[in-house]
Amino acid sequence: MGYNVAIDGPAGAGKSTIAKLVAKEKGYIYVDTGAMYRGLAVHFLKNGIKPQETGKIIEACKKAQVSIGYENGAQQVYLNDENITTKLRTEETGNMASVASAVPAVRAKLLELQKTLAKEHDVIMDGRDIGTNILPNADVKIYLTASVETRARRRYDELLEKGETCSYEEIAKDIAERDYRDMHREIAPLRQAEDAHLVDSSDMTIDEVVRTIVALCR
Ligand code: DC
């Protein structure tokens with residue numbers, strides 16, 4: 001069994017930024033499970049499926065194989081052996097992933113992959129149900145959150161920096177909707193595990209969050 005650190009929390013809380021830095025410092029492999037759901041979402045969108053078409057999603061799952069690899073330490077996602085990493089981070093893919101991840105067949109598809117990685121390696125794995133469902137015996141569990149306003153502001157600044165035009169209100173609405181879906185679905189909803197450490201990053205710097213988490217690890 002590897003040494004396992006689980007980080008769960010809502011969209012935009014900074015899980016991946018923080019997890020990557022902790023992974024580097026501690027020599028763990030960073031596993032981004034959201035990217036796996038996004039990988040399946042790319043497959044559904046490629047097949048012309050709409051988020052509400054649950055039957056088609058279940059059927060399409062049968063022809064999708066998601067796997068991951070690493071290039072210079074960065075996680076790569078493969079869909080039926082094609083590297084689709086650059087296609088994962090659009091709003092459309094994120095929304096499809098959020099809706100499709102409530103379908104049990106979609107979750108079942110990724111469960112073994114996630115558990116096997118944690119068994120074979122020292123990992124810091126981020127997602128929504130890692131501490132509660134995938135790795136209930138993780139050595140360290142973190143629930144990383146921040147207010148909707150903080151998360152929307154960070155996303156807004158990020159997009160502005162990239163030169164994209166966007167509306168703060170739209171982003172905040174999108175985040176609030178995604179929170180609701182992720183927290184209220186029937187299967188493996190996002191919630192803080194009883195033994196998870198709560199870290200609210202609203203008024204913390206990235207370095208402060210990293211130091212807090214590193215201090216909890218062996
Ligand atoms: O972390 P992210 O935004 O890349 O994740 C995209 C969606 O995938 C998220 O809205 C919910 C789903 N997801 C999940 O249900 N369980 C996980 N462990 C990770 C992500």
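Indexing begins at 1, ligand by ligand and atom by atom, following the structure's order. Counting begins at 1 with the first residue of the sequence. Small disclaimer: the values here were computed from a predicted structure and weren't measured.
Checked by atom type and distance alone, the side chain of Asn4 never pairs as donor or acceptor with a backbone atom of Ala6 at under 3.5 Å. Thr116 places a side-chain N or O within donor-acceptor distance of the main-chain N or O of Glu112, the cut-off being under 3.5 Å.
Remark: ligand 1 atoms within the under-4.0 Å shell around heavy atoms of Asp129 are 16 (N), 17 (C), 18 (N). Below 4.0 Å from some heavy atom of Gly127 lie the following atoms of ligand 1, by number and element: 17 (C), 18 (N), 19 (C). Atoms of ligand 1 found under 4.0 Å from any heavy atom of Arg185, numbered from 1 in the order shown, are 14 (C), 15 (O), 16 (N). Close approach to Arg178 involves these atoms of ligand 1, each under 4.0 Å from a residue heavy atom: 3 (O), 10 (O).
A donor and an acceptor atom, one from each side chain of Tyr168 and Arg155, are nowhere located under 3.5 Å apart. Counting only N and O atoms by type, the side chains of Asp8 and Thr132 include no donor and acceptor under 3.5 Å apart. Between the side chains of Thr205 and Asp207, not a single donor N or O lies within less than 3.5 Å of an accepting N or O.
Checking only distances, Lys15 never comes within under 3.5 Å of ligand 1, N or O to N or O. At under 3.5 Å, not a single nitrogen or oxygen of Asp32, backbone or side chain, sits near a nitrogen or oxygen of ligand 1. The shortest N or O to N or O distance between Asp126 and ligand 1 is not below 3.5 Å.
Of the protein's non-hydrogen atoms, the one nearest atom 19 (C) of ligand 1 is Thr33 OG1, 3.4 Å. Counting protein heavy atoms only, atom 1 (O) of ligand 1 is closest to Arg128 NH1, 2.9 Å. Considering only non-hydrogen protein atoms, atom 7 (C) of ligand 1 sits nearest to Ala97 CB, 3.8 Å. The protein heavy-atom contact nearest to atom 12 (C) of ligand 1 is Ser101 OG, 3.5 Å. In this structure, the protein non-hydrogen atom closest to atom 3 (O) of ligand 1 is Arg38 NH2, 3.0 Å. Nearest protein heavy-atom contact of atom 8 (O) of ligand 1 is Tyr37 CB, 3.5 Å.
With sequence neighbours left out, the side-chain contact (heavy atoms from CB on, under 4.5 Å) criterion links Ala146 to Thr150, Arg151, Arg154, Asp200, Ser201, Ser202. Residues forming a side-chain contact (heavy atoms from CB on, under 4.5 Å) with Glu59 (at least two apart in sequence, or on another chain): Lys62.
Around the CD1 atom of Ile206, the shell of radius 6.0 Å holds no more than 12 heavy atoms that belong to other residues, nucleotides or ligands. Residue-environment remark: CD (Glu194) stays at or below the threshold of 12 foreign heavy atoms within 6.0 Å. Crowding of Glu208 atom CD: a count of heavy atoms from other residues, nucleotides or ligands under 6.0 Å exceeding 12.
Counting heavy atoms closer than 4.0 Å to ligand 1, residue Arg107 contributes side-chain atoms (C-beta onward) but none from N, CA, C or O. Contact annotation: for Asp182 versus ligand 1, heavy atoms closer than 4.0 Å belong to the side chain alone. At a heavy-atom distance under 4.0 Å, only side-chain atoms of Arg89, from C-beta outward, approach ligand 1. At a heavy-atom distance under 4.0 Å, atoms from both the backbone and the side chain of Ser98 approach ligand 1.
The shortest heavy-atom contact between Gly9 and Tyr143 is CA-CE1, 4.1 Å.
Residues Val140 and Ile130 do not share a hydrophobic cluster, clusters being chains of Ile/Leu/Val/Met/Phe/Trp/Tyr side chains in contact below 4.5 Å.
Remark: distances from the non-hydrogen atoms of Gln114 to ligand 1 are all 4.0 Å or more. In this structure, Met36 falls outside the shell of residues with a heavy atom less than 4.0 angstrom from ligand 1.
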